[in-house]
J.: 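Dropping a structure here in structure tokens format, bear with me for questions.
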Amino acid sequence: ESTFAMLKPDVASDTHTVDEIKQRIAEAGLSIERERVCRLSRRRCGKFYAEHRTRPFYPALLGFMSSGPVVMLELSGESAIGAWRSLIGPTSTETARKEAPRSLRAMYGSDNTRNAAHGSDSPASAAREIRLMFQK
Ligand code: AMP
């Protein structure tokens with residue numbers, strides 16, 4: 001199975017943290033098939049997060065996601081979608097710290113928006129996100 005993973009601007013510029021996260025990816029039995037570092041425009045973030053367009057946190061989310069470089073990864077492995085989502089932990093950093101203290105969001109996130117990492121939630125989202133973010 002393949003999934004789309006993204007390390008967000010709160011962690012992507014810190015090479016030490018990115019290396020630690022890659023180590024956790026390897027320990028989870030996942031392989032990095034493709035990697036791309038870039039800074040996303042607001043327009044591209046808007047396309048990526050189109051489903052959240054009407055949510056109150058959407059403007060803050062776009063501002064944050066376009067504020068600095070991100071690391072985009074295509075991961076593969078057994079049940080890669082669930083494996084990566086369990087590694088990143090719950091969306092809310094506070095919940096992650098209580099329920100999954102070793103998760104990436106517990107260890108590196110700061111709040112509901114600045115939460116270190118993204119993971120696709122289904123095979124259809126994974127296919128869409130990989131296509132959208134790795135297109136030329
Ligand atoms: P998701 O599609 O589930 O990854 O959600 C998109 C992203 O929006 C999350 O990873 C957070 O960065 C942000 N987000 C989700 N829910 C909230 C919230 N209640 N308040 C602020 N930001 C949020």
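Each ligand, and each atom within it, is numbered from 1 in the order the structure gives.
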J.: Who's the nearest protein heavy-atom neighbour of atom 2 (O) of ligand 1, and how far?
T.: H52 NE2, 2.8 Å

J.: With atoms numbered from 1 as shown, which atoms in ligand 1 lie under 4.0 angstrom from a non-hydrogen atom of K8?
T.: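 What qualifies from ligand 1 is 9 (C), 10 (O), 11 (C), 12 (O).
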
J.: So, 4.0 Å and heavy atoms of Y49: is ligand 1 close enough to count as a contact?
T.: yes

J.: Grouping I, L, V, M, F, W and Y whenever their side-chain heavy atoms are under 4.5 Å apart, do M133 and V71 come out in a common cluster?
T.: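 No; tracing contacts between hydrophobic side chains, which count when under 4.5 Å, never links both residues.
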
J.: Looking at every non-hydrogen atom in both residues, tell me the closest pair between G89 and R105 and how far apart they are.
T.: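 Looks like O-NH1, 2.9 Å.
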
J.: For E78, look at atom CD and say whether over 12 heavy atoms of other residues, nucleotides or ligands are found less than 6.0 Å away.
T.: no

J.: Could you pull out, from D10, N115, T113, the option with a heavy atom nearest to atom 21 (C) of ligand 1?
T.: T113

J.: Go through ligand 1 atom by atom and flag the ones less than 4.0 Å from a non-hydrogen atom of H118.
T.: 4 (O)

J.: In terms of hydrophobic clusters joined by side-chain contacts under 4.5 Å, are I130 and I81 together?
T.: no

J.: For ligand 1, note which part of N112 has a heavy atom under 4.0 Å away: side chain, backbone, both or neither.
T.: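 For N112, the contact with ligand 1 is made by both the backbone and the side chain.
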
J.: Heavy atoms only: give me the nearest E74-F134 pair and the separation to one decimal.
T.: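 Shortest heavy-atom separation between E74 and F134 comes out as N-CZ, 3.8 Å.
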
J.: Closest non-hydrogen protein atom to atom 15 (C) of ligand 1, residue and atom name please, with distance?
T.: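 For atom 15 (C) of ligand 1, the nearest protein heavy atom is F57 CZ, 3.5 Å.
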
J.: Short N/O distance, under 3.5 Å, between E51 and ligand 1?
T.: no

J.: Between K98 and E94, is there a salt bridge with N-O shorter than 4.0 Å?
T.: yes

J.: Do you know the tightest heavy-atom contact between S86 and S103?
T.: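 Looks like O-CB, 4.5 Å.
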
J.: Any atoms of ligand 1 less than 4.0 Å from a non-hydrogen atom of R105? List them with their elements.
T.: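 In order of number, 10 (O).
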
